[in-house]
Amino acid sequence: MSRASSAIDQQRLWDRHMAIAQFGATGRGGVNRQALTEEDGQARATLAGWATARGFDLYVDDAANLFVRRNGTEADAPAILSGSHLDTQPAGGNFDGIYGVLSAFEVLEALDDAGIGHKRPIEAVVWTNEEGCRYAPGCTGSMVFSGKHSIDEFLDNTAPDGSVLRDDLARTIAMTPDAQRRAPGIPVAGYIETHIEQGPRLEAAGLTVGAVTGIQGGSSFEVIVTGEEGHAGTVPLKQRRDAFRSAMAMVDALYEETADPEDTVRFTIGRFQAYPGSPNTIPGEVRFTIDFRHPDAAFFAATVKRIGEICQANAGPCGVEVNTRHVGAPADFDETVIASIERIAGELDIPAMRMASGADHDAKLMVPLCPTGMIFVPCAQGISHNEAEMADATDLAAGARVLADALLEMANR
Ligand code: GLV
Ligand code: MN
Ligand code: MN
């Protein structure tokens with residue numbers, strides 16, 4: 001019997017990446033295609049066009065998650081899902097997320113080309129707003145699909161440009177008019193997501209595939225420090241309620257708390273804004289974000305709790321509000337899925353190893369729903385969330401070949 005992997009078309013997979021790369025291209029090799037923008041909608045519409053040209057069914061849910069379905073012989077059986085996201089960071093690359101969507105779609109096309117049927121339906125999915133840089137929180141789409149949150153909780157969220165999620169969702173859904181509307185959260189029997197590693201380990205080890213064992217704990221917060229605006233030339237230092245100065249004290253204390261000689265803690269302040277932003281006005285408000293991650297559940301939970309306490313303790317004369325955007329405990333993937341990825345890579349002579357994920361992924365939200373796993377492939381020098389992000393066409397195809405055989409096994413179980 002022919003293997004689904006034999007029908008993976010490396011050139012087609014690469015060409016599809018280059019086609020999607022046009023939407024939001026920065027002219028410096030990277031892309032700015034943040035969630036639910038016009039560019040995100042155009043990328044989705046392009047995928048939808050490829051899907052309908054193939055005769056696949058298309059669905060969209062209330063969170064604008066988009067599903068391309070190849071039906072199985074058991075029409076009502078729970079589906080096997082595979083996918084990732086098409087949204088990017090403001091200065092993002094052409095592979096983070098995109099690869100997961102396009103490799104899943106490539107598997108559907110490969111199965112079609114080879115005339116291979118399956119029992120369960122297989123769906124390639126585009127999750128909405130994985131990155132979370134325009135609208136918080138990230139993984140909005142998979143959170144809604146998983147039932148962890150309702151979309152209603154997020155509809156009034158605003159982007160830094162003043163846009164409201166409710167409007168952007170409606171506009172994005174309207175950009176794939178061929179997709180039938182369906183409720184979020186259909187029954188799922190398995191999920192595998194492919195992704196570039198976004199770190200240097202596979203490349204350094206000279207390996208092509210990572211059988212991902214799980215994802216570390218991740219959290220994000222927005223801190224709002226409130227002081228009082230005043231004249232930079234006149235207000236005595238002792239009388240000031242300088243929001244910048246208090247924010248700096250918090251930031252210093254947070255860096256001290258998260259210092260780690262073993263280099264396991266991941267702590268990032270990615271946005272820091274002072275208002276009104278005038279050189280000669282004392283800042284009356286500072287807003288900054290915190291992204292904190294760790295693989296150990298107990299340490300993760302304890303530090304998440306400490307973050308708010310540290311901000312309060314260092315507020316000085318200012319007020320402070322710490323808004324939790326997202327807290328996700330570490331998650332382990334399913335042993336049978338990890339083992340099948342390792343075994344299939346071996347059968348295809350693709351060198352592989354087990355590894356944990358430092359980055360967050362929609363797969364984490366699927367863990368409570370069904371047997372879940374991920375396949376990593378290398379990216380050049382481990383660079384990601386950067387316009388220089390790059391992956392090798394042969395590695396992308398190798399990961400898609402492992403995905404094809406793994407999905408087909410799941411779909412016939
Ligand atoms: C997703 O890109 C993450 O922040 O891990
Ligand atoms: Mn990603
Ligand atoms: Mn990302």
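Remember, it's 1-based here, ligands and their atoms both numbered in the order they're listed. For the single chain, residues carry numbers from 1 onward in sequence order. Just so we're clear, the structure is a prediction, and the values are computed from it rather than from any experiment.
Ring orientation note: the planes of Phe272 and Phe288 are close to parallel, at an angle under 30° on the 30°/60° scale.
Defined by atom type and a distance below 3.5 Å, a donor-acceptor pair is missing between the side-chain atoms of His85 and Asn129. Using modelled atom types, one finds a donor on one side chain and an acceptor on the other under 3.5 Å when comparing Arg134 with Ser163. A side-chain N or O of Thr26 and one of Glu387 form a donor-acceptor pair less than 3.5 Å apart. In this structure, a donor-acceptor pair under 3.5 Å is present between the side chains of Asn71 and Arg69. At a cut-off of 3.5 Å, with distance as the only test, a side-chain donor of Gln198 or Asp96 sits close to an acceptor on the other residue.
No option in His195, Glu389, Gln89, Glu197 other than Glu389 meets the side chain to side chain donor-acceptor pair (under 3.5 Å) test with Ser384.
Taking the N/O/S atoms of His385 in turn, the shortest distance to the Mn ion (ligand 3) belongs to NE2.
Between Phe56 and Phe67, the ring centre distance reaches or exceeds 6.0 Å. Ring centers of Phe376 and His361: under 6.0 Å apart, within the cut-off.
The OG atom of Ser103 lies 11.0 Å from the CD1 atom of Ile98; values are rounded to the nearest 0.5 Å.
Counting only protein N, O or S atoms closer than 2.8 Å to the Mn ion (ligand 2) gives 3.
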Show the short N or O contacts, below 3.5 Å, that ligand 1 makes with protein N or O atoms; if there are none, say 'none'.
{"unit_1": "ligand 1", "atom_1": "2 (O)", "unit_2": "Glu131", "atom_2": "OE1", "d": "2.9"}
{"unit_1": "ligand 1", "atom_1": "2 (O)", "unit_2": "His385", "atom_2": "NE2", "d": "3.0"}
{"unit_1": "ligand 1", "atom_1": "4 (O)", "unit_2": "Arg293", "atom_2": "NH2", "d": "2.7"}
{"unit_1": "ligand 1", "atom_1": "5 (O)", "unit_2": "Arg293", "atom_2": "NH1", "d": "2.7"}
{"unit_1": "ligand 1", "atom_1": "5 (O)", "unit_2": "Arg293", "atom_2": "NH2", "d": "3.4"}
{"unit_1": "ligand 1", "atom_1": "5 (O)", "unit_2": "Asp360", "atom_2": "N", "d": "2.7"}

